[in-house]
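The structure under discussion appears below in the form of structure tokens.
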4 protein chains.
Amino acid sequence: MKGKIIESSIRLFERRGFAETSIQDIVETLGVTKGTFYYYFSSKEELLMDIHLSYIDGLIARQEEILRDASAPASAKIRGIISLLIHDIQCQGLSAKVFFREMKILSEEKLRQIVPKRDLFRFNTEQLVKEGIKNGEFRPDLDPAIVTFGILGMANWSYQWFQPGGRLTEDAVSDMFVDMLLTGIAVK
Amino acid sequence: MKGKIIESSIRLFERRGFAETSIQDIVETLGVTKGTFYYYFSSKEELLMDIHLSYIDGLIARQEEILRDASAPASAKIRGIISLLIHDIQCQGLSAKVFFREMKILSEEKLRQIVPKRDLFRFNTEQLVKEGIKNGEFRPDLDPAIVTFGILGMANWSYQWFQPGGRLTEDAVSDMFVDMLLTGIAVK
Amino acid sequence: MKGKIIESSIRLFERRGFAETSIQDIVETLGVTKGTFYYYFSSKEELLMDIHLSYIDGLIARQEEILRDASAPASAKIRGIISLLIHDIQCQGLSAKVFFREMKILSEEKLRQIVPKRDLFRFNTEQLVKEGIKNGEFRPDLDPAIVTFGILGMANWSYQWFQPGGRLTEDAVSDMFVDMLLTGIAVK
Amino acid sequence: MKGKIIESSIRLFERRGFAETSIQDIVETLGVTKGTFYYYFSSKEELLMDIHLSYIDGLIARQEEILRDASAPASAKIRGIISLLIHDIQCQGLSAKVFFREMKILSEEKLRQIVPKRDLFRFNTEQLVKEGIKNGEFRPDLDPAIVTFGILGMANWSYQWFQPGGRLTEDAVSDMFVDMLLTGIAVK
DNA sequence: AATGAATGAGAATTCATTCAT
DNA sequence: GATGAATGAATTCTCATTCAT
């Protein structure tokens with residue numbers, strides 16, 4: 001039941017937004033009563049928290065898997081991360097949208113649990129960029145922080161436009177993003 | 001008064017979110033009453049609409065100014081657009097955040113007014129990319145749509161992290177984004 | 001309207017108790033809506049607070065009037081205070097009952113506003129007892145604190161049983177309480 | 001288990017009040033579940049009833065013990081009753097507070113079981129006063145009903161202020177109350 | 001141009017209670 | 001004896017909105 005509530009909520013939050021979705025709306029789609037909701041979650045915010053946490057935790061876990069592979073060059077790992085993010089939009093997309101949009105709603109206290117994880121993902125990516133610079137793969141004249149923000153911006157933004165099943169496949173987008181990123185769009 | 005209400009609302013919407021900000025909150029910070037609000041706006045949604053429209057209209061106007069300059073190369077115009085977006089985060093940043101976050105809230109009908117403008121901005125950018133390809137500035141093997149999404153993602157994402165007055169200046173960020181974009185991050 | 005809400009609430013609280021009376025109940029008896037209630041009171045607790053404060057403030061004001069009369073003997077003043085309390089049960093009785101019963105419900109913070117006033121009333125009474133002892137009216141071998149608790153207990157308890165319009169008049173009760181108190185019930 | 005539930009409930013009811021204490025609260029402090037509660041009690045009201053009944057029954061039983069002693073003078077019996085009440089505040093105090101406060105909550109039907117017992121206690125006391133008058137111990141010019149209410153008020157009120165372990169011992173208070181009551185506070 | 005009282009619909013949340021296991 | 005999932009009705013409270021003045 002708890003799982004069903006989460007699933008259903010994600011769908012609704014994505015479509016209408018968190019604040020615009022009532023507990024009533026959630027339980028109605030499941031054919032249960034509000035009491036049931038509160039049996040599993042102590043508040044609406046806790047549910048959002050649950051969604052956020054499982055999204056970011058999943059992301060970090062898979063990122064660390066990518067980073068662990070010592071033999072791969074930094075560029076391959078960057079590709080992995082971009083793919084990972086875009087894939088998530090396709091697959092777990094609803095969670096992702098909820099994650100990026102409904103952050104402000106969490107209380108200070110809950111944010112203290114989420115923000116560090118979000119930062120960790122960025123930090124890991126930045127480390128990767130630095131590594132690439134050190135081992136001569138990436139240009140040393142670029143600021144790793146800005147590069148990282150650029151990479152994440154490119155990939156994360158896809159939650160705003162990427163349509164699974166549309167003209168562009170997930171792989172095509174990831175490949176092209178990596179291509180752009182590594183060699184630039186200008187003709188040499 | 002109308003202006004003051006808008007200003008004040010943007011600040012509040014950015015901080016707490018649209019749904020979490022009540023009309024009471026808005027008028028209280030101005031020391032007026034709810035009646036006053038409804039003298040100027042017919043609904044809360046109309047106010048949000050106002051904010052959205054003036055943001056996107058301003059953006060488009062300035063974009064078209066950039067595009068109009070026939071002599072400039074495409075790369076310079078791209079730079080202009082990136083600068084424009086990042087500048088807006090710095091300057092009109094609150095509007096921008098509200099714009100990106102509180103889209104889902106608008107009714108179908110209001111969205112029909114906003115979405116085409118948003119698309120226009122992207123379309124204009126995509127045209128620019130295509131132009132650059134045609135005149136030999138940009139690589140012809142890249143999909144213009146994806147490139148455009150990448151560019152806008154990079155720049156727009158800055159609303160999530162860019163801090164005016166922080167370590168990175170607006171210009172440093174714009175420059176490096178353009179640099180990355182044109183020549184890539186890989187060592188040749 | 002605010003006044004009407006208070007009046008109506010006192011009646012309901014007295015009959016059913018605070019927790020058992022809903023805002024719905026209150027507004028229904030007045031033919032208004034819940035919104036109206038919250039226009040005047042920010043919470044149910046605030047309403048209870050209002051009732052408590054105006055009760056205890058009235059009591060203290062009238063007590064101080066009684067005490068001010070320098071020429072009267074302590075015994076007359078004691079009589080005044082007993083009369084005052086019993087009169088209040090008759091007259092403002094509902095408030096009184098609410099006051100004595102629904103104290104625990106107030107939050108710590110609200111209690112900090114009420115308790116000192118309640119204590120002041122007792123303190124004033126105790127001072128009076130001490131004065132009576134000093135000027136030779138009252139027995140010096142009695143503990144003024146206990147005597148005071150006894151007096152207040154006798155009088156306050158009447159909220160549990162005194163029925164205005166019943167066999168016993170307010171004056172008969174006050175007189176007899178004072179008589180008992182001063183000369184005792186034992187035959188000399 | 002039933003005993004534990006009662007004990008625990010009294011403590012909670014006294015601290016927060018009956019309506020403000022949930023069954024959840026009660027079972028949580030015992031580490032059991034709500035089902036357990038309903039195995040022993042058919043409703044929350046029944047639990048309150050249980051508490052009330054065992055309090056008042058105990059009181060009456062001990063009062064009748066005091067009254068039975070034919071040889072003792074009325075004044076000694078009055079002392080016994082005052083002691084009894086004050087002792088109960090010290091010892092079973094929580095029950096007492098709950099008893100005095102949470103009466104209004106019981107349904108008509110349950111009240112019909114409690115009120116007569118409460119009245120019996122008062123009636124027994126009043127009989128005692130009348131006896132004292134008849135046998136010449138007490139003044140014949142006082143109304144026995146009022147005297148009784150005065151006595152009970154003095155003693156019962158102690159549930160509002162008496163603090164076991166404070167400056168005043170139970171015996172000191174009882175003694176002084178009896179002294180006041182019998183011979184009055186005025187200097188002869 | 002602005003106020004302030006009032007509305008009414010709906011929100012989140014609580015909680016006593018039931019019942020199959 | 002006890003559990004835990006589920007209910008459903010009620011509760012407090014919020015808030016966009018209206019409207020006479």
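The sequence lines fix the lettering, A, B, ..., with proteins before strands; numbering per chain opens at 1. All of these numbers come straight from a predicted model, not from anything done at the bench.
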| task | Respond yes when some side-chain nitrogen or oxygen of B:Y39 is under 4.0 Å from OP1 or OP2 of E:dA1, and no when none is. | result | yes

| said: Give the dot-bracket line for DNA chain E from 5' end to 3' end: parentheses for intra-strand Watson-Crick or G-U pairs under 3.5 Å, square brackets for crossings, | for inter-strand pairing, dots for unpaired. | reply: .||||||||||||||||||||

| query | Do any of residues 2-11 of chain D sit with a heavy atom less than 4.0 Å from DNA chain E, and if so which? | reply | none

| Length of the OH-C1' vector between C:Y40 and F:dT14, whole Å | 18 Å

| query | Under the side-chain contact (heavy atoms from CB on, under 4.5 Å) test, which residues partner B:F121, sequence neighbours left out? | reply | B:L59, B:I60, B:Q63, B:I81, B:L84, B:L85, B:T125, B:L152

| request: Using only side-chain N and O atoms of C:T36, determine if any of them is under 4.0 Å from OP1 or OP2 of E:dA6. | output: no

| task | Mind jotting down which residue pairs meet the salt bridge (Lys or Arg N to Asp or Glu O under 4.0 Å) criterion with at least one end in residues 48-58 of chain B? Sequence neighbours excluded, please. | result | B:D57-B:K117

| remark: In 5'-to-3' order, the base (B), backbone-only (S) or no-contact (-) status of each nucleotide in nucleotides 15-21 of chain F, using a 4.0 angstrom heavy-atom cut-off, is BBBB---

| query | Atom CG of C:L47 to atom P of F:dC13: distance rounded to whole Å? | reply | 11 Å

| field | Any pair counted as salt bridge (Lys or Arg N to Asp or Glu O under 4.0 Å), so long as it reaches residues 19-35 of chain C, sequence neighbours left out | value | C:R16-C:D25

| message | Once side-chain contact (heavy atoms from CB on, under 4.5 Å) is applied, do any residues pair with A:E45, and if so which ones, sequence neighbours excluded? | response | A:S43, A:L106, A:S107, A:K110

| task | I would like to know whether C:L30 and C:F37 meet side chain to side chain contact (heavy atoms under 4.5 Å, CB included); could you show each step before the answer? | result | CA-CA 10 Å; C:L30 293 170; C:F37 179 91; over 6 Å; no

| note | Residues at least two apart in sequence or cross-chain that pass side-chain hydrogen bond (donor to acceptor under 3.5 Å, both in side chains) with A:S8, listed by chain then number, are A:T29

| Atom-pair distance (CD1 on D:I26; C1' on E:dC15), nearest Å | 12 Å

| request: Using the test side-chain hydrogen bond (donor to acceptor under 3.5 Å, both in side chains), find all partners of B:E46 that sit at least two apart in sequence or belong to another chain. | output: B:S42

| What pairs with A:F13 under ring pair (Phe, Tyr, Trp, His ring centres under 6.0 Å), at least two apart in sequence or on another chain? | A:F18

| query | Got a sec, which residues hit ring pair (Phe, Tyr, Trp, His ring centres under 6.0 Å) with A:Y38, two or more places apart in sequence or on another chain? | reply | none

| query | Partners of A:Y40 by side-chain contact (heavy atoms from CB on, under 4.5 Å), sequence neighbours excluded? | reply | A:M1, A:K2, A:I5, A:T36

